[in-house]
Protein chains: 4
Amino acid sequence: MPNTPPSNPPAAGQPPGAAPPPAGRQPRNRRLPAHERRDQILDAALHEFSERGFGAARMDDIAARAGLSKGGLYAHFESKNAVFQALMQRMLMPDLLFGERPPLAGAPAPEDALAARVDGFLDRAYERLEDDRFIRTLHLLVAEGPRLPDAIAGWRESHLRLLRRQQAMMRRGVEDGALRDSALTDAVQLVHAPILLAAILKLLQDEAHARSVLPRLRAAHRRLLLDQLREPGPD
Amino acid sequence: MPNTPPSNPPAAGQPPGAAPPPAGRQPRNRRLPAHERRDQILDAALHEFSERGFGAARMDDIAARAGLSKGGLYAHFESKNAVFQALMQRMLMPDLLFGERPPLAGAPAPEDALAARVDGFLDRAYERLEDDRFIRTLHLLVAEGPRLPDAIAGWRESHLRLLRRQQAMMRRGVEDGALRDSALTDAVQLVHAPILLAAILKLLQDEAHARSVLPRLRAAHRRLLLDQLREPGPD
Amino acid sequence: MPNTPPSNPPAAGQPPGAAPPPAGRQPRNRRLPAHERRDQILDAALHEFSERGFGAARMDDIAARAGLSKGGLYAHFESKNAVFQALMQRMLMPDLLFGERPPLAGAPAPEDALAARVDGFLDRAYERLEDDRFIRTLHLLVAEGPRLPDAIAGWRESHLRLLRRQQAMMRRGVEDGALRDSALTDAVQLVHAPILLAAILKLLQDEAHARSVLPRLRAAHRRLLLDQLREPGPD
Amino acid sequence: MPNTPPSNPPAAGQPPGAAPPPAGRQPRNRRLPAHERRDQILDAALHEFSERGFGAARMDDIAARAGLSKGGLYAHFESKNAVFQALMQRMLMPDLLFGERPPLAGAPAPEDALAARVDGFLDRAYERLEDDRFIRTLHLLVAEGPRLPDAIAGWRESHLRLLRRQQAMMRRGVEDGALRDSALTDAVQLVHAPILLAAILKLLQDEAHARSVLPRLRAAHRRLLLDQLREPGPD
DNA sequence: AATGAATGAGAGTTCATTCAT
DNA sequence: TATGAATGAACTCTCATTCAT
C-alpha cells in the first residue's frame, strides 16, 4: 500500500488500519534461542497480517514488532510467504472455528450433568472470544483463507475430521438417551453457529455494542442448547 | 504484494491469489455515461478487493476489469480509498449479514403459515449463498472491515437498526401468540447464525464439501426454526 | 509534481506553493474574441508558472484560471510549451529588468531638473514593484530563464540594446555637463541595481519586512543618485 | 514535466532544460557513511533542482547523480520535500545573498586601508560569482523561495540578522570617522546591490556578455564604494 | 470553439529481498 | 546471527494531450 498519500491526506476511514505501526525496538537484543525467536516472529506476523492483510503487511513492521531488524527476520524465514505458511501451520493444532473438543456429548448422565456440560462448553467458547489471538486468527483465516486455498488446506482437513468426530458423538448421545433427537443433533454446526456469529460481531461492531449484546446472546444460546438437547424426562 | 518472489520454492499455497489478473481490455471503448462506469468500476473493485485484499489489489487490475485505463479510473474516483468507500456505501442498502427483511414474524397466522414463512426465509437466505457478489461482499466486509472501522460505520449503524426492528417484530409475534416464546425470540441473531456459518463455510471449504453439507445444514436449520417457534397448539 | 503526498501530508513548507489552485469556473462562458481569450490565458499562465514553476504548473489550472476547460485551452495553444513561449513574447516588449525608458539622461537642465528627473525615475521604478504582474514576470524570468535560454533569447537581446542606449545617453549627459562623471556614468547598471535588489527582497522576504525596508532603501537610493550625478556647481 | 511533447514543432526554447539527464551510475558502490551520502545527495539535488526547478526535477536523476538507486535515496530522505528542506538548511549557514562577513566597516584606519578593505570585499564577492554552487543556490533560492515560504524561513531570518549587524557596523564606522556618512551608510544593501545584479546577469545572459560586462561593472562598483565611503581627508 | 472522459507515459513512494559489514 | 544501506520492481497517483460529443 505504497502511497496512502501521505500526501495523501490520511482522511478518516482510510484503509491503513487505525493502529500506528509498532513502536521502535529495544536496544540490541541478541541471540535468542531460535525457536523462541520464531514464536515471537509468528506472534508479530499474526498481529500484522490480521491488522493490515497479508498483502499490505510489511516485513519491516513484523520484524520491528518481533524485536529484530528486517535482515534478522530473513535469518529465520526465507520469505514473507514462508512466514505466512508457518503461521498457518501453528494456528492449525487446536481447531479454531469449531473448538478442539467435542462440545456436549458424552456418556449418559443425569439431567443436571447436561446443564453442567453445556455451561462448561459455553464458558470455554465465550472465553475464547476475549482472547485477542483467537480473534485475530479467525480474522486472518476468513480474510486470507479464500485467496490462499493451499495455505489452509491443513486447517480444512483437520476441521472436517473434527466435525465428523463431534457429529458421531452427538449421534451416540442420542442413542444412549442422553440427548434428545433434535435439529442440533442433526447438525452439530448449529451448536457452534452462535459463537461464530458472536466472533464476527466482535470483529465488525464496536466494543460497546459487543459488550451489551454478547451476554444476551450467550443466555439465549444456553436456553437453546438446553431446550433442544434435554430429554423430556420420564414424568 | 510488489514482487513475485522468484527465489524460494514456489510451494503450494503461496499467497498471491490463485486466479491470474483479469484479461486485457477492449480497444477504445470511449465515453460511457458516468454512472454506468461507476457501477462497472465498483463491480470490478469488489472482485479485485475480495480476491486479493484491499492492500494488495491493484488499481491497474480494477481499471482493466472495468474496461478502461488506470488514468481513466481516476476520473471517477480520486483514490483507491475512495473506491473502497463507495463500494461500502453501495453494499449498504440491503443488509448483507442479516437479511434486509424481517425473517419470520408477522401477523398471527395458522400453523401452515409459519412453515410457509420459514421456507420463504430459508429460500431467500440460502439462495443468496449462491450469489457470487453476496459472498464476495461478505468476505470483503469481514476481511477489511476490522481494519477500516470508519469505512463500515455506515454498515454498522444500518445493521443495528435492522436488528432492533427484527427483534421488536419477534416480540410482537410472541405477544400475538403467533410465535412461541423461545431462545430464538430472545435473540433474533440465533435465527441468522446458521446462515452466517454456511457462508463462512463456503468461503473456507471446497465446493464439494459445501455442496454436501449445505442441504443437511439447511434441513436442520428448518427443523430448528419450526421446533422453536411453533406454538404447541391447543390440543 | 505527482504526489506531494498526499500522500503526502501537506506539511508546512511543502513545495506546492501556499495558494490553493484557482477557484471553480463560472457557468458556461462562451465565445470570447480569440485575442481576448489569449490574453486571459497568458495572464493565467503567468500566475501559474510563477506560482509553481513551469514544470509543475498544470494545464488544468491554467485553463480553470482563464475560465475555460482544458480542452478549450488546447484550441488556443497547441502545447504547454507554446503557452510559455507566447508568454515570453508578451513579456518582452517593455524591458522588465531595467526599465523601458532611459533613466536619467537627457538634455542639459538646471539643477532642479536633475532632482525632478531622479524622482520621476524612482517613482516609476518603485511603483512597478507594487505591480503583481511585474513581480511575477521577474520571478518567472529569473526562475525559468536559466533553464530556457532559447525562450528568453528575445529578452536578452532587447535588454542589451536598451542598456547600450542608456549607457550612451549617460555618456552624452556627462559630455553636456548635465551629469557628473562618476561610477554611475561608468556603468548604468549601478543605477538600476538597488531596484533589482528591492524586487528580489519583495520576492523572498515577508511583506512586513519589505514595507519597512523599501522606503529607507529608496531614500538612500535617491541620495546616491543625486550625490553621484549632481554637477558640483560653479561655486 | 511528464511527457516530452513529440508533436509540436520542437522549436528552440522548449522548456526541458538543455543539459541531458546525468550519466549512468557506477556498478554497485555500496555502503557509504551516511553523512557522506547525504552530502552527495544534496549536491546532486542542488544541481537538479536548479537545472529543472523543484517541480520538474526527478528523484531518479538526483539518485543517479548521487550514485545510488531511487530506492536508496529514500533511505536517507523520506521525500522530495525533505531533500529540498535539507538543501535549504545546508545553504543557510553562510549568507548567500549578502555575504557572510561585514563588508567594509571596521576600526578606524588610514586611507589606504579603506581601499584595501574594499578590494578584499570585492575580491571575495566577485569570486563567488565564479562558483557554480553559489550561482545555483542563488538561482534556487530566487526561483523556489517565493513558492516555499516555509522552506526558506531559516534563510530569511539569518539574512535579517546579518543585515542588521552589517548596518550597525557601518554606523559605527561613520561615528569613528572611518567612513563618510553617505547613501551607502544609510543602507548597506546598496553596497551589495551591484553584486546581486551581476549574479542575475550571469544567470540570464550568455557567458560572452557576462565576461565582457563584469569587469567594467566591478570597476565601477569599486569607484562607487571609494567615492562614497572615503572621508574627504584633511587637506 | 468548447467540454471532459479517456489515454498513457511517467513521477514519487513503498517494500520484499539481498548483502557488505 | 544481526544490521541496515542498497536494489529494483511494483504500486498509487498525476498530467499533457487527444478526441467523441
Flag side-chain contact, heavy atom, 4.5 Å: Phe49(C) against Glu144(C): no

Among dT17(E), dT7(E), dT3(E), the nucleotide that comes nearest once only the side chain of Leu68(C) is considered: dT3(E)

d(CZ, Phe77(D); P, dT14(E)) in whole Å: 15 Å

For atom NZ of Lys80(D) and atom P of dG12(E), their distance in whole Å: 4 Å

Gap between atoms CD and P, on Glu48(B) and dC11(F) respectively (whole Å): 11 Å

Interatomic distance, Asp60(A) CG vs dT3(F) P [rounded to whole Å]: 12 Å

His76(D) side-chain proximity, nearest of dT13(E), dA5(F), dA16(E): dA5(F)

Proximal nucleotide (of dA1(E), dT17(E), dT7(F)) relative to the Ala75(C) side chain: dA1(E)

Lys80(C) vs Ile62(C) side-chain heavy atoms within contact, under 4.5 Å: no

Any Lys70(A) side-chain nitrogen or oxygen under 4.0 Å from OP1 or OP2 of dG4(F): no

Atom pair distance, as rounded to whole Å: CZ in Arg58(B) and P in dA9(F): 16 Å

Whole angstrom value for the distance that separates C1' of dA6(E) from CD of Glu36(B): 16 Å

Among Arg90(C), Arg136(C), Arg38(C), the one residue meeting side-chain hydrogen bond (donor to acceptor under 3.5 Å, both in side chains) with Asp43(C): Arg90(C)

Whole angstrom value for the distance that separates C1' of dG4(F) from CG of Leu73(A): 13 Å

Non-hydrogen side-chain atoms of Leu87(B) and Phe77(B) separated by less than 4.5 Å: no

Sugar-phosphate only, base, or nothing, as touched by Ala82(D) at under 4.0 Å among non-hydrogen atoms: nothing

Nearest-nucleotide pick for Met59(C), side chain only, options being dA2(F), dG12(E), dA16(F): dA16(F)

Under 3.5 Å donor-acceptor, Arg147(A) side chain and Ser50(B) backbone: yes

Heavy-atom check, side chain of Met59(B) versus side chain of Val83(B), under 4.5 Å: yes

Closest contact, heavy atoms only, Arg52(A) versus Ala56(A): O-CB, 3.3 Å

Which residue lies more 5' along DNA chain F, comparing Gly71(D) with Gly71(C) via nearest heavy atoms: Gly71(D)

5'-to-3' dot-bracket of DNA chain F (Watson-Crick, G-U; under 3.5 angstrom; crossing pairs as [ ]; | other strand): .||||||||||||||||||||

Under 4.0 angstrom between Arg37(A) side-chain N/O and dT1(F) OP1 or OP2: no

Rounded distance (Å) that lies between atom C1' of dC15(E) and atom CG of Asn81(A): 14 Å

Separation between the C1' atoms of dT21(F) and dA1(E), rounded to whole Å: 13 Å

Pairwise side-chain contact, Met88(D) with Leu140(D), heavy-atom cut-off 4.5 Å (strictly under): yes

Of Gly72(D) and Tyr74(B), the one whose closest DNA chain F nucleotide lies more 5': Gly72(D)

